[in-house]
Amino acid sequence: MHELGVTFYILKDVKKVAEENDVKKVNYVTVEIGEVSTVIHDQLIDCWNWARKKEEVTKETEMRIETLEAVTYCEDCKGEYRTVEYGKTCPYCGSEHTYLLRGNEFNIKEIGVDDDT
Amino acid sequence: MSEVKVIEIHENVFKANDEAADRLRKNLTSKKVCMINVMSSPGSGKTTALSKLINMLKTELNVGVMDVDIKTSMDAQKVADATGVRSLQIHNGGLCHIDAEMTEKAIEQFGVDGLDLVFIENIGNLVCPAEFDTGAHKNIMFLSVPEGDDKPLKYPLMFSVCDLIIISKMDTKDFFDFDLEKATKNIRKLNKKATIIPISAKTGEGMEELAKWVKAEVKEISGRA
């Protein structure tokens with residue numbers, strides 16, 4: 001993918017949420033990545049560890065990644081199956097009339113901050 | 001002692017880009033300027049075909065071209081020399097794509113008032129540009145015959161997001177094992193709606209059909225053409 005480009009989107013978003021909540025330091029940010037979203041986890045973390053130093057509020061923010069399972073739906077037999085194992089072909093009926101139900105996500109789930117209040 | 005508090009965000013990473021893209025698209029529509037994002041791998045012949053296409057369109061439409069490249073200004077110059085229309089070279093500093101904010105800034109600098117149609121020639125790359133909505137009204141791509149009919153299977157996202165898929169360099173089909181029927185089948189697996197037009201900028205094959213498609217899109221936005 002283009003981990004560096006999206007890292008800056010995440011950085012911007014985290015900074016914005018921190019500002020809105022009057023947070024001075026973010027401990028961690030959790031991102032949800034679908035199994036077939038083509039984001040390379042290690043690269044994303046490398047980019048993050050480099051880019052986070054650009055903002056005071058994210059200087060020490062750890063990136064946590066949660067993987068979301070990819071599931072494909074078969075229009076012919078109405079079955080659901082694991083995309084990573086079987087791809088576009090339905091393992092139940094062999095049909096190729098299938099589409100991805102989920103697994104393409106790339107979300108910022110949450111941030112963790114010190115609660116001094 | 002301080003405890004950790006969790007602030008939930010639940011936002012798509014691409015949300016900011018998608019919002020910027022929608023804003024730009026609306027802005028262009030209100031100015032009656034149609035923007036078409038052109039994507040392909042490097043060397044697919046898109047600069048040559050675009051030049052020819054623009055020469056066919058420019059008597060009826062005011063056309064502008066923005067070329068995205070990592071470093072050189074060759075493409076913008078090439079199109080400008082071949083067509084005489086206004087062009088702008090955007091250097092994106094080595095990124096693999098152009099996003100909506102970059103496009104928005106470029107559009108501002110370029111100045112689109114009075115134009116009916118702007119082509120944005122994206123970076124030569126079949127992977128990354130497909131992920132980023134630029135704010136264009138339509139996405140089109142070139143797949144050239146020498147690249148092979150298996151490319152849709154290898155770069156599925158690119159082929160799924162395009163409204164028009166141009167099969168270019170048809171004049172070379174006798175020299176390569178390119179099966180147009182197979183290519184079409186592979187594309188249809190991913191994208192049932194896209195228009196597919198085989199062309200050759202050299203012989204002129206398909207160029208009229210391509211011009212017709214573009215004019216219809218411009219009409220959709222600007223009400224003329």
Side-chain angles (χ1 to χ4, degrees), chain A residues 1-34 36-40 44 48 62-66 75 87-89 95-100 104-117, chain B residues 1-21 39 68 70 92-103 105 122-134 150 152-161 185-193:
Chain A
M1 213 213 206
H2 21 251
E3 281 68 13
L4 187 57
V6 294
T7 298
F8 283 103
Y9 287 164
I10 300 172
L11 191 65
K12 235 176 169 177
D13 229 24
V14 170
K15 193 186 163 203
K16 197 184 97 204
V17 174
E19 270 168 15
E20 282 167 3
N21 290 279
D22 209 15
V23 168
K24 299 278 173 292
K25 185 180 154 225
V26 178
N27 295 334
Y28 67 87
V29 54
T30 309
V31 293
E32 296 173 319
I33 300 177
V36 295
S37 69
T38 72
V39 181
I40 301 166
L44 182 66
W48 174 259
E62 174 201 354
M63 174 172 281
R64 297 178 182 176
I65 295 177
E66 287 179 10
E75 289 176 308
K88 268 200 79 69
T89 311
S95 165
E96 284 196 355
H97 298 132
T98 58
Y99 61 84
L100 190 69
N104 211 7
E105 299 82 356
F106 190 8
N107 302 322
I108 305 171
K109 186 187 175 193
E110 62 193 23
I111 57 172
V113 302
D114 285 337
D115 188 5
D116 302 312
T117 48
Chain B
M1 213 187 94
S2 65
E3 281 179 25
V4 172
K5 184 171 90 174
V6 175
I7 302 172
E8 294 191 15
I9 302 179
H10 297 291
E11 223 168 62
N12 190 312
V13 171
F14 292 100
K15 192 183 156 214
N17 188 62
D18 291 345
E19 283 172 357
M39 299 179 282
V68 191
I70 288 174
N92 74 345
L95 275 179
C96 53
H97 64 278
I98 179 168
D99 67 15
E101 262 180 48
M102 292 184 234
T103 311
K105 275 187 203 147
N122 214 310
I123 288 271
N125 178 340
L126 285 184
V127 185
C128 312
E131 297 262 8
F132 296 86
D133 188 347
T134 57
D150 59 342
L153 301 177
K154 288 189 163 177
Y155 304 94
L157 185 65
M158 176 58 75
F159 286 85
S160 352
V161 299
K185 228 187 229 168
N186 287 339
I187 292 168
R188 284 293 172 238
K189 275 186 198 166
L190 303 159
N191 190 333
K192 292 187 177 75
K193 282 187 271 176

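None of these values were measured; they are calculated from a predicted model. Residue numbering restarts at 1 for every chain, and letters A, B, ... go by the order of the sequence lines.
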Would you mind checking which part of A/Tyr28 comes under 4.5 Å of any heavy atom in chain B, side chain (CB onward), backbone (N, CA, C, O), both or neither?
side chain

A/Lys12: which residues meet the side-chain hydrogen bond (donor to acceptor under 3.5 Å, both in side chains) condition with it, sequence neighbours left out?
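Once residues adjacent in sequence are excluded, the partners of A/Lys12 under the side-chain hydrogen bond (donor to acceptor under 3.5 Å, both in side chains) criterion are B/Glu101.
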
Out of curiosity, B/Ile9 CD1 to A/Lys109 NZ, how far, rounded to the nearest 0.5 Å?
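The distance works out to 11.5 Å.
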
Residues two or more places apart in sequence or in another chain: which of them pass side-chain contact (heavy atoms from CB on, under 4.5 Å) with A/Asn107?
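Partners of A/Asn107 by the side-chain contact (heavy atoms from CB on, under 4.5 Å) criterion, ordered by chain and then number, come out as A/Glu32, A/Glu105, B/Asn12.
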
Euclidean distance, A/Thr98 OG1 relative to B/Lys189 NZ, rounded to 0.5 Å:
10.5 Å

What's the shortest heavy-atom distance between A/Ser37 and B/Glu131, and which atoms?
O-OE2, 4.3 Å

For A/Lys88, look at atom NZ and say whether over 12 heavy atoms of other residues, nucleotides or ligands are found less than 6.0 Å away.
yes

Among the options A/Val31, A/Asp13, A/Val29, pick out the one with the most heavy-atom pairs lying under 4.5 Å from chain B.
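The answer is A/Asp13.
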
Under the side-chain hydrogen bond (donor to acceptor under 3.5 Å, both in side chains) rule, collect the residues that match up with B/Glu8, sequence neighbours excluded.
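Counting only residues at least two positions away or on another chain, B/Glu8 forms a side-chain hydrogen bond (donor to acceptor under 3.5 Å, both in side chains) with B/His10.
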
What part of B/Lys15 gets closer than 4.5 Å to chain A, counting heavy atoms only: side chain, backbone, both or neither?
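B/Lys15 has no heavy atom closer than 4.5 Å to chain A.
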
Name, in order of residue number, those residues of residues 17-25 of chain A that have a heavy atom at a distance of less than 4.5 Å from a heavy atom in chain B; otherwise write 'none'.
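Answer by number: A/Val17, A/Asn21, A/Val23.
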
